[in-house]
Amino acid sequence: MSEKSNPFDNLRPILLSVIIGILQLFIWIEILVILVMMYAWQKDSVSFTQNSTDKGLIVLVIVLILTYLVKRNIHKLLKN
């Protein structure tokens, strides 16, 4: 008699692929926001630093790096 296949066997790679796709979307959005903030900084650097947007830019770059590292680690899980 043949063994029954578990319908959830292929669920892990699908979920990891969806998570990677969502993280990639976040990365592109973060890059776009960083570019807009850099344009605002170039346009008027005095008001950019007065309202603490420069600290937000630094935090956003850190979040971008962390998002990339998480995406890379999840991608390694998908390969295994």
Side-chain angles (χ1 to χ4, degrees):
M1 199 164 176
S2 66
E3 294 181 28
K4 291 184 179 180
S5 65
N6 190 355
F8 300 110
D9 285 341
N10 296 327
L11 190 61
R12 181 176 184 259
I14 293 171
L15 285 175
L16 289 176
S17 297
V18 168
I19 291 170
I20 289 173
I22 291 170
L23 288 174
Q24 186 65 40
L25 180 66
F26 284 157
I27 287 173
W28 285 113
I29 291 170
E30 290 169 2
I31 289 173
L32 181 64
V33 170
I34 287 171
L35 289 175
V36 168
M37 290 176 81
M38 288 174 61
Y39 174 74
W41 184 19
Q42 179 192 15
K43 191 172 179 183
D44 189 11
S45 62
V46 174
S47 79
F48 190 82
T49 55
Q50 283 178 347
N51 56 9
S52 299
T53 313
D54 53 344
K55 293 177 184 85
L57 182 62
I58 293 169
V59 169
L60 193 60
V61 169
I62 292 170
V63 169
L64 175 67
I65 293 168
L66 292 174
T67 305
Y68 173 75
L69 292 174
V70 168
K71 179 186 163 282
R72 190 179 72 178
N73 288 340
I74 291 176
H75 190 67
K76 285 182 184 177
L77 286 176
L78 188 60
K79 297 275 182 179
N80 291 338

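Small disclaimer: the values here were computed from a predicted structure and weren't measured.
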For this session: Tell me, with the steps shown, if Leu66 and Ile62 meet side-chain contact (heavy atoms from CB on, under 4.5 Å).
Result: CA-CA 6 Å; Leu66 292 174; Ile62 292 170; 4.2 Å; yes
Could you state the interatomic distance from [atom1] ([X]) to [atom2] ([Y]), rounded to the nearest 0.5 Å?
{"X": "Ile20", "Y": "Leu77", "atom1": "CD1", "atom2": "CG", "value": "8.5 Å"}
{"X": "Ile31", "Y": "Ile27", "atom1": "CD1", "atom2": "CD1", "value": "7.0 Å"}
{"X": "Ile19", "Y": "Ile14", "atom1": "CD1", "atom2": "CD1", "value": "12.0 Å"}
{"X": "Lys76", "Y": "Arg72", "atom1": "NZ", "atom2": "CZ", "value": "5.0 Å"}
{"X": "Glu30", "Y": "Leu25", "atom1": "CD", "atom2": "CG", "value": "10.0 Å"}

For this session: Please report the closest heavy-atom contact between Met38 and Leu57, naming both atoms and the distance.
Result: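 Reported closest heavy-atom pair: CG-CD2, 4.3 Å.
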Problem set entry | Distance-minimising heavy-atom pair for Val61 and Ile34 |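 Closest pair (atom of Val61, atom of Ile34, distance): CG2-CD1, 3.8 Å.
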Problem set entry | Pairs satisfying side chain to side chain donor-acceptor pair (under 3.5 Å), at least one member in residues 34-45, at least two apart |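 Those involving residues 34-45 are Asp44-Ser47.
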Is [Y] reachable from [X] through a run of hydrophobic residues whose side-chain heavy atoms are each under 4.5 Å from the next?
{"X": "Leu69", "Y": "Val63", "answer": "no"}
{"X": "Tyr68", "Y": "Met37", "answer": "yes"}
{"X": "Phe26", "Y": "Val18", "answer": "yes"}
{"X": "Leu60", "Y": "Ile58", "answer": "no"}

